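Here is the structure we will look at, set down as structure tokens.
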Amino acid sequence: MKMQHVRTKAKLLSVKIPFGATKVEAIRAIQRAEGYEDCCGRKDPELCESAAQCCFRLACAGAQQR
């Protein structure tokens, strides 16, 4: 997922993304706003209890590999 898509989703949810924030930081802010744990890149996506509802599954898996 490109940063522009993340910013668009944030805008739809009225989430302010600070200038210079990384994609993972922006995704975590969106996850918090949606009421989910802000876990992007922090835990194995296979073990995530929110994976079925989370639209950032692929971005999370990519962040996990870094």
Side-chain angles (χ1 to χ4, degrees):
M1 177 176 282
K2 295 186 182 225
M3 186 62 165
Q4 185 58 39
H5 294 118
V6 174
R7 289 190 185 284
T8 300
K9 177 129 178 110
K11 187 174 182 179
L12 290 171
L13 293 169
S14 300
V15 174
K16 300 278 187 195
I17 303 298
F19 181 77
T22 66
K23 184 170 29 174
V24 171
E25 291 168 339
I27 289 172
R28 288 178 185 161
I30 292 169
Q31 287 176 320
R32 286 189 299 273
E34 291 181 322
Y36 297 115
E37 179 183 5
D38 58 344
C39 59
C40 182
R42 291 186 178 154
K43 57 166 74 168
D44 184 350
E46 298 296 322
L47 302 176
C48 184
E49 55 275 350
S50 303
Q53 301 92 355
C54 185
C55 65
F56 299 111
R57 286 184 309 277
L58 296 176
C60 184
Q64 188 72 21
Q65 294 174 358
R66 293 180 189 175

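Heavy atoms only: backbone and side chains are in, while hydrogens, waters and symmetry mates are out. Here, residue 1 is the first one in the sequence, and each next residue gets the next number. Source: prediction; values computed, not measured.
- Test K23, E25, R28 against C40 for side-chain contact (heavy atoms from CB on, under 4.5 Å) and you get one pass: R28.
- Y36 and V6 fall into different hydrophobic clusters, where Ile, Leu, Val, Met, Phe, Trp and Tyr residues are linked whenever their side-chain heavy atoms come under 4.5 Å apart, directly or through other members.
- Scanning both residues, R32 and D38, for their nearest heavy atoms gives NH1-OD2, 2.8 Å.
- The minimum heavy-atom distance between A26 and M3, with the atom names listed, is CB-CE, 4.1 Å.
- Side-chain heavy atoms closer than 4.5 Å link hydrophobic residues (I, L, V, M, F, W, Y) into clusters, and following such links, possibly through other members, connects V15 to I27.
- Applying the salt bridge (charged side-chain N to carboxylate O under 4.0 Å, His left out) test to residues at least two apart or on different chains, the pairs with a partner in residues 3-22 are K9-E34.
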